[in-house]
Protein chains: 2
Amino acid sequence: MSKTQPQKRANLRDVASAAGVSVATVSRVMNAPDTVAEKTRKRVEDAMNSLRWVPSAAARAINTGRTRFVGALVPTLDNAIFARFLSKLENQLNTHRLSLVVATTDGSPDVETEKAKTLIDIGAEGLIVSGITHDQALYDLLERSQRPAIATSYYDPGFALPTIGYDNAAAAALALEHLTSLGHRQVAVVHGPRTNNDRTRARLDGLTGTGAVLQLFETEISLAGGCTAARAILQEPQHPTAILCLSDVLASGVLAELHRQDLIVPEDISVIGLDDLPGSAHIYPELTTVHLPVARMGLAAADAIAGWVETQTVPEPFLLEPSLVLRRSTARPS
Amino acid sequence: MSKTQPQKRANLRDVASAAGVSVATVSRVMNAPDTVAEKTRKRVEDAMNSLRWVPSAAARAINTGRTRFVGALVPTLDNAIFARFLSKLENQLNTHRLSLVVATTDGSPDVETEKAKTLIDIGAEGLIVSGITHDQALYDLLERSQRPAIATSYYDPGFALPTIGYDNAAAAALALEHLTSLGHRQVAVVHGPRTNNDRTRARLDGLTGTGAVLQLFETEISLAGGCTAARAILQEPQHPTAILCLSDVLASGVLAELHRQDLIVPEDISVIGLDDLPGSAHIYPELTTVHLPVARMGLAAADAIAGWVETQTVPEPFLLEPSLVLRRSTARPS
DNA sequence: TTGACACATGTAACCGGTTTCATCAACTTA
DNA sequence: TAAGTTGATGAAACCGGTTACATGTGTCAA
């Protein structure tokens with residue numbers, strides 16, 4: 001009778017015996033084709049095809065010690081800023097023949113540690129995390145598993161992990177300076193939760209000593225959050241002349257709500273963001289904001305982690321410069 | 001002299017001999033702790049800790065045949081619709097103790113096949129792809145590697161792969177019907193590239209036989225693309241009374257541009273989208289659109305692929321129903 | 001003719017876990 | 001007390017590749 005049912009997957013030895021060569025030769029056909037005679041190689045390749053052989057990633061990994069993927073932990077995918085970062089990161093990792101596993105933490109250090117554990121458990125060669133606020137357990141985990149890890153979105157040369165990011169305080173200061181230089185003295189600041197978010201805290205810290213009176217409005221980072229904050233701002237007895245949003249997403253929400261309340265930007269009130277999302281140049285009115293080079297950050301992070309896992313080169317901290325992008329949502333107070 | 005330098009990583013046998021037990025026992029401590037005597041377990045755990053042992057994912061994978069991650073191929077991360085989908089997908093996969101590797105294809109079947117190859121090469125247990133337009137090479141690859149794969153964002157029970165998605169034509173028809181029921185007879189349709197995009201094509205196909213005159217405007221799917229299209233529409237000798245955007249991102253861009261041109265929505269012109277992004281309820285004016293249940297799609301896709309890789313259950317095609325979401329950007333033509 | 005050498009290939013150890021099966025002591029049960 | 005169970009553990013095979021080292025053949029210079 002014919003053995004049609006079982007269909008166990010072919011392995012290297014099956015291919016080798018089908019081609020009438022040794023396993024070493026088959027392995028060579030994969031990894032160093034030019035050390036194998038043309039004729040032999042052809043024969044082996046035919047055997048691979050007819051046996052529909054597919055190499056086992058695990059078997060390769062156990063020998064080479066490489067799994068060829070790294071993990072990234074981001075708070076969320078729902079903010080375009082992280083999506084853009086990951087997009088670039090993935091692309092650049094590919095140039096190093098590395099793939100990307102993503103995990104979202106929802107901004108919780110606990111979840112982050114948990115997911116980091118999982119990523120390492122499935123074999124991630126290195127990790128990319130956001131910001132500098134983490135569980136001690138995460139550091140322990142990295143230490144123990146000896147995995148390279150870099151922190152992004154935050155620049156701090158003294159941090160335990162190499163950081164690749166920008167000076168969040170300076171970025172926020174840039175936005176505020178722009179407003180004060182226009183003459184605004186009363187500005188509302190809309191920001192996301194401070195809890196576990198060092199970037200938000202750093203941005204708030206950058207907002208000092210400029211002579212403008214600041215009112216803080218904390219909300220969730222989403223369009224809806226921006227709307228809510230705008231409504232709160234408009235209920236204040238004295239309207240500010242400008243609204244500084246510590247994230248473009250918030251600014252978009254604020255803009256929508258102001259529009260809804262029939263306020264004209266920037267004539268009635270100025271709005272400035274921070275992030276410079278790809279869409280921010282195309283909303284109405286075009287949003288003045290501070291550009292954070294997240295695309296370059298993605299490139300840099302990919303190169304850094306790749307260099308680390310391939311050649312054990314611990315990367316230097318890397319500072320990316322934010323820059324003011326003047327568009328149409330800010331003007332002198334009237 | 002002390003052997004301080006080498007620091008070779010400990011393996012199971014090291015742990016075993018340090019604890020004075022066999023490798024089998026150490027393995028049991030990991031995988032079936034309650035079959036090991038309390039005292040022994042403790043001793044083994046101590047050994048693990050003092051040797052700072054971390055299990056090798058590859059070694060486990062080679063035995064169990066499981067890598068515990070699946071891959072997802074999406075066109076881009078820059079459209080929130082995919083970001084949302086992936087976000088839910090990742091979360092739900094986690095409940096099955098599965099991780100997610102993401103790869104972007106930029107809408108190119110070639111790139112898709114290439115990346116699929118990489119994902120399988122690093123050990124992805126299954127794949128999730130977008131839409132039903134793919135290279136033959138991708139099917140060959142799936143066939144040969146025997147990897148489960150499901151297609152999303154598109155429902156087609158007759159497709160080679162199980163599909164989990166919606167009827168794109170019906171979704172677009174829903175939008176158009178809404179407009180015609182309001183009395184619109186002249187509508188501009190803004191859509192993304194048809195090339196390699198079956199979803200766009202299907203949506204366009206859904207726009208038939210309703211008595212309204214349609215003008216098509218193709219552009220790239222981005223806020224900027226929406227702006228461009230809106231400008232083109234306004235240059236037409238006869239303005240349509242409504243604009244149907246086959247994606248919310250396009251609708252947002254259109255809205256911004258209309259605003260810029262001092263047209264009031266919906267008084268001067270109606271705008272309807274398709275997707276229902278989380279932000280669409282919070283832009284100005286609140287966007288009427290067709291809701292696509294991508295979050296549920298993420299859940300369903302996760303469960304489907306998980307079931308397939310765990311219990312070899314080939315999932316049934318799954319249809320998700322789009323629904324009209326009435327908000328404020330549409331009205332009767334004036 | 002012979003020794004050196006490059007090239008093609010094979011043998012077998014090895015990577016770090018899991019798992020089957022055997023072993024043995026302690027505990028029941030009749 | 002003998003036989004049958006149960007529970008804890010170990011020995012060794014095994015998973016599917018890579019690779020160090022050995023072997024054998026053909027070419028070429030001396």
Side-chain angles (χ1 to χ4, degrees), chain A residues 6-45 47-48 51-68 120-125 144-147, chain B residues 6-45 47-48 51-68 120-125 144-147:
Chain A
Q7 288 296 51
K8 202 175 144 295
R9 278 172 69 128
N11 64 21
L12 243 211
R13 334 242 168 205
D14 298 333
V15 175
S17 65
V21 299
S22 73
V23 290
T25 300
V26 180
S27 184
R28 283 186 199 105
V29 170
M30 294 291 293
N31 304 311
D34 18 80
T35 68
V36 176
E38 180 66 34
K39 234 185 58 193
T40 314
R41 189 195 325 162
K42 185 81 181 59
R43 196 145 39 87
V44 171
E45 280 163 353
M48 287 174 172
L51 269 68
R52 337 211 80 219
W53 177 70
V54 178
S56 149
R60 187 189 315 115
I62 204 178
N63 287 294
T64 60
R66 305 279 320 262
T67 53
R68 304 217 75 88
I120 287 176
D121 198 53
I122 65 172
E125 294 188 43
R144 174 159 182 170
S145 65
Q146 299 268 56
R147 292 298 198 285
Chain B
Q7 288 294 53
K8 202 175 144 295
R9 278 172 71 125
N11 64 22
L12 245 210
R13 336 244 165 203
D14 298 332
V15 175
S17 65
V21 299
S22 72
V23 290
T25 300
V26 181
S27 182
R28 283 187 199 103
V29 171
M30 293 291 293
N31 304 312
D34 19 79
T35 68
V36 177
E38 181 65 34
K39 234 184 57 192
T40 315
R41 190 194 325 162
K42 186 80 182 59
R43 198 146 37 89
V44 171
E45 280 163 353
M48 286 176 173
L51 269 67
R52 336 210 82 220
W53 177 71
V54 178
S56 149
R60 185 189 318 115
I62 206 179
N63 288 295
T64 60
R66 305 280 321 258
T67 53
R68 304 217 74 88
I120 287 177
D121 199 53
I122 65 173
E125 293 188 43
R144 175 160 182 169
S145 64
Q146 300 267 58
R147 291 299 197 285

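Letters A, B, ... are given to chains in the order of the sequence lines, protein chains preceding strands, and every chain is numbered from 1.
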side-chain contact (heavy atoms from CB on, under 4.5 Å) evaluation trace for A:D121 with B:R68: CA-CA 9 Å; A:D121 198 53; B:R68 304 217 74 88; over 6 Å; no
Nearest-0.5 Å distance, OG of residue B:S27 to CZ of residue B:R60: 10.0 Å
Under 3.5 Å, which protein N or O atoms sit close to an N or O of nucleotides 16-19 of chain C? Give each pair with its distance.
{"from": "C:dG16", "atom 1": "OP2", "to": "B:N11", "atom 2": "ND2", "distance (Å)": "3.4"}
{"from": "C:dG16", "atom 1": "N7", "to": "B:R13", "atom 2": "NH2", "distance (Å)": "3.3"}
{"from": "C:dG16", "atom 1": "N2", "to": "B:N63", "atom 2": "ND2", "distance (Å)": "3.3"}
{"from": "C:dG17", "atom 1": "OP1", "to": "B:W53", "atom 2": "NE1", "distance (Å)": "2.9"}
{"from": "C:dG17", "atom 1": "OP2", "to": "B:L12", "atom 2": "N", "distance (Å)": "2.6"}
{"from": "C:dG17", "atom 1": "N7", "to": "B:R13", "atom 2": "NH2", "distance (Å)": "2.6"}
{"from": "C:dG17", "atom 1": "O6", "to": "B:R13", "atom 2": "NH2", "distance (Å)": "2.6"}
{"from": "C:dG17", "atom 1": "N2", "to": "B:N63", "atom 2": "OD1", "distance (Å)": "2.5"}
{"from": "C:dG17", "atom 1": "N2", "to": "B:N63", "atom 2": "ND2", "distance (Å)": "3.4"}
{"from": "C:dG17", "atom 1": "N3", "to": "B:N63", "atom 2": "ND2", "distance (Å)": "2.9"}
{"from": "C:dT18", "atom 1": "OP1", "to": "B:N31", "atom 2": "ND2", "distance (Å)": "2.9"}
{"from": "C:dT18", "atom 1": "OP2", "to": "B:S27", "atom 2": "OG", "distance (Å)": "2.5"}
{"from": "C:dT18", "atom 1": "OP2", "to": "B:N31", "atom 2": "ND2", "distance (Å)": "3.4"}
{"from": "C:dT18", "atom 1": "O4'", "to": "B:N63", "atom 2": "ND2", "distance (Å)": "3.3"}

CD1 on B:I120 to CZ on B:R144, rounded to 0.5 Å: 11.0 Å
A:T35 vs C:dT9: side-chain N/O to OP1/OP2 distance below 4.0 Å: no
Residues A:V44, A:V36; criterion side-chain contact (heavy atoms from CB on, under 4.5 Å); working and verdict: CA-CA 10 Å; A:V44 171; A:V36 176; 5.8 Å; no
Atom pair CG/OG of A:N11 and A:S56 - distance to nearest 0.5 Å: 9.5 Å
Separation of C:dC7 C1' from A:E38 CD (nearest whole Å): 15 Å
Gap between atoms CD1 and P, on B:I122 and D:dG17 respectively (whole Å): 17 Å
